[in-house]
Amino acid sequence: MSELDRTQQGAHPVPADWTYAPAPESREIVRIQERYGHFVGGSWLEAAETYETIAPRDEEPLAQIGQGTAEDVDTAVAAAREAFANGWSALPGSERAKYLFRIARILQERSREFAVLESLNGGKPIKESRDVDLPLAAAHFFYYAGWADKLEYAFPNRTPRPVGVAGQIIPWNFPLLMLAWKIAPALACGNTVVLKPAETTPLTALLFCDVLRQAELPPGVVNIVTGDGRTGAALVEHPDVDKVAFTGSTEVGKAIQRRLAGTGKKLTLELGGKAANIVFDDAALDQAVEGIVNGIYFNQGHVCCAGSRLLVQESIYEPLVDKLKRRLTTLRVGDPLDKNTDVGAINSRMQLEKIEELVAAGKEEGAEIYQPPCVLPEKGYWFAPTVFTNVAQSYRIAQEEIFGPVLSVLTFRTPEEAVEKANNTPYGLSAGVWTEKGSRILWMAQRLRAGVVWANTFNRFDPTSPFGGYKESGFGREGGLHGLEPYLRFDE
Ligand code: NAI
Ligand code: MG
């Protein structure tokens, strides 16, 4: 008799309590060094000054990381320039593709190791690093490997050439995935790279250097310099960097743009967001609830395109909010390395404080807060999934990017009002529309001022699909054919 038959015949009572037994992923697979330098010209450059990187789940110290100086950046840019001039830029595209394919395959082979390290250093649930970050990072390398020898077909009647040395600065919310978004198109187009990971999450970028060694990528084609904003600023300001690609806060993005004005350096900026997730009264409500949850609680809400403003058509406001609150009680908050965890640790103390400040402002301004009962671990950085109702458009929680597991619910009556409210933000990175009517999806998509509009889904990514912002969410596109353009010039 099968297990299912026995259960149905009452041999096993149906459990009354659906608590989960712990299912921790072993971290044995990962070896972390005590101390790391910078990866320059294919070998390790000793760091004069270091800082400690920790695990946000319990503040456990993990390693000493180099705080890159302007001199380190200069050495890395020189290595990248040399690699560019001495072969890489002149390699046939099919040869460059070989390295990218190798990197993609090695990432797949070592995906468990990378997923564990990503969750340990960044706090995101292993379920997400394993099923989203790692497969997508590998997919980006596979995808751009495919373009490397087809650039002339991508831009017919033009002559695409590499730009030179790319300086790339990435954030902490998708450390390895953002590295892949930056490095894969740059290399496919024949550029060389100096990349600076975020200060709180350097470990997967440092492990990636071992992948480069395995793939036998020529020295200097990819260089990794760690450190905080000062290291990033030195990279932006370096005179021999031809192109800057930045993902992070709007504030730093603006400073970089000011800094580069008039220098002739190419620039792409992928900045903040305050996306509207819009639910019409004809939407499939249970599906919409899943999309709302995925839109804002995925990766603890540390997502630039998170659906942080829920716009609900008035007639379904009550049933939808009821369903949403009920669904929130089933989210499991806890150890990022537990395979059952839905919501992991907040990335850093600084980010936790920012979330706490904005949530306090929401209460102060008069919004109504709901948090499901959940026990948060004592050590580390944690914040319970949160919903605010009774939110006015003028409240800070409806205006500012919180970058945490906090949703603000607003209502609308007509599609016109939904569009107006959705677009009432300085940002424009993404939006979601939930409705049964195809014609309404198209009508909305034409009017929403956002780089990506998801219909009856949210937070879907694919390397073939361009991603980027309007307004203060930045400019330039990453992914797809469009993602090649920032790494090419067409002037001769
Ligand atoms: P940030 O913009 O300061 O950091 C992002 C990256 O830029 C890091 O690698 C950092 O070291 C580097 N950086 C900082 N200052 C720099 C400078 N002057 N020149 C060059 N590079 C510099 O973001 P932060 O402080 O970590 O987070 C603040 C807020 O920004 C978050 O609460 C969130 O709202 C937003 N943010 C948005 C992200 C996105 O994906 N769009 C990612 C990270 C943060
Ligand atoms: Mg900052």
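This one's a predicted model, so the numbers in the text were calculated from it and none came from an experiment. Counting starts at 1 for both ligands and their atoms, following the listed order. Numbers here are sequence positions counted from 1. As a basis for the values below, the full set of heavy atoms in this structure was taken, side chains included, without hydrogen atoms, waters or symmetry mates.
At the top of the distance list for atom 3 (O) of ligand 1, counting protein heavy atoms only, stands Val252 CG2, 3.6 Å. From the protein, the heavy atom lying nearest to atom 1 (P) of ligand 1 is Ser249 OG, 3.6 Å. Ile170 O, 2.9 Å is the protein heavy atom nearest to atom 9 (O) of ligand 1. Here the heavy atom of the protein found nearest to atom 44 (C) of ligand 1 is Phe403 CE2, 3.8 Å. Ranking the protein heavy atoms by distance from atom 42 (C) of ligand 1 puts Pro171 CB, 3.3 Å first. For atom 41 (N) of ligand 1, the closest heavy atom belonging to the protein is Leu271 O, 2.8 Å. When hydrogens are left out, the protein atom nearest atom 14 (C) of ligand 1 is Gly229 CA, 3.4 Å; that is the closest non-hydrogen contact. Protein heavy atom closest to atom 21 (N) of ligand 1, with residue, atom name and distance, is Gly232 CA, 3.6 Å.
The distance from ligand 1 to the heavy atoms of Trp172 drops below 4.0 Å at these ligand atoms: 24 (P), 26 (O). Residue Glu401 approaches ligand 1 through these ligand atoms, each under 4.0 Å from one of its heavy atoms: 33 (C), 34 (O), 35 (C), 37 (C). Residue contact check: Phe246 has heavy atoms under 4.0 Å from atoms 2 (O), 6 (C), 7 (O) of ligand 1. Atoms of ligand 1 found under 4.0 Å from any heavy atom of Met350 (numbered from 1 in listed order, with element): 25 (O). Against a heavy-atom cut-off of under 4.0 Å, Ala198 is close to the following atoms of ligand 1: 9 (O). Close approach of ligand 1 to Ala233 is summarised as follows: ligand atoms under 4.0 Å from at least one heavy atom of the residue are 19 (N), 20 (C). The Lys354 neighbourhood of ligand 1 comprises atoms 29 (C), 31 (C), 32 (O), 33 (C), 34 (O), with distances under 4.0 Å to a heavy atom of that residue. If you number the atoms of ligand 1 from 1 as listed, the ones under 4.0 Å from a heavy atom of Gln351 come out as 31 (C), 32 (O).
Remark: among candidates Cys305, Gly273, Gly248, the nearest residue to atom 5 (C) of ligand 1 is Gly248, based on non-hydrogen atoms. Nearest-heavy-atom check against atom 39 (C) of ligand 1 across Gly301, Pro202, Cys304 picks out Cys304.
Within the 4.5 Å cutoff, the side chain of Leu117 has no heavy atoms near those of the Glu113 side chain. Residues Tyr36 and Thr226 fail the side-chain proximity criterion, which asks for heavy atoms closer than 4.5 Å. Counting heavy atoms from C-beta outward, Leu429 and Glu270 have side chains that approach closer than 4.5 Å. Within the 4.5 Å cutoff, no side-chain heavy atoms of His302 are placed close to those of Lys124. With contacts defined as side-chain heavy-atom distances shorter than 4.5 Å, the pair Trp454/Asn277 does not qualify. Contact check for Phe208 versus Ile183: side-chain heavy atoms found under the 4.5 Å cut-off.
In summary, the aromatic rings of Trp88 and Tyr99 are positioned with their centroids under 6.0 Å apart. Checked against the 6.0 Å centroid threshold, Phe467 and Trp181 count as a close aromatic pair.
Here the shortest heavy-atom pairing between Pro463 and Leu136 reads CD-CD2, 4.2 Å.
Under 4.0 angstrom from ligand 1, the non-hydrogen atoms of Ile169 all belong to its side chain.
When Gln351, Glu356, Gln300 are each tested for a side-chain contact (heavy atoms from CB on, under 4.5 Å) with Phe383, only one passes: Glu356. Results of the side-chain contact (heavy atoms from CB on, under 4.5 Å) test with Pro385 over Leu407, Leu331, Val293 single out Leu331 as the only residue that passes. Checking Ile296, Val452, Val303 one by one against Asn459, the side-chain contact (heavy atoms from CB on, under 4.5 Å) holds for a single residue, Val303.
Within a 4.0 Å radius of atom 19 (N) of ligand 1, the protein has at least one heavy atom.
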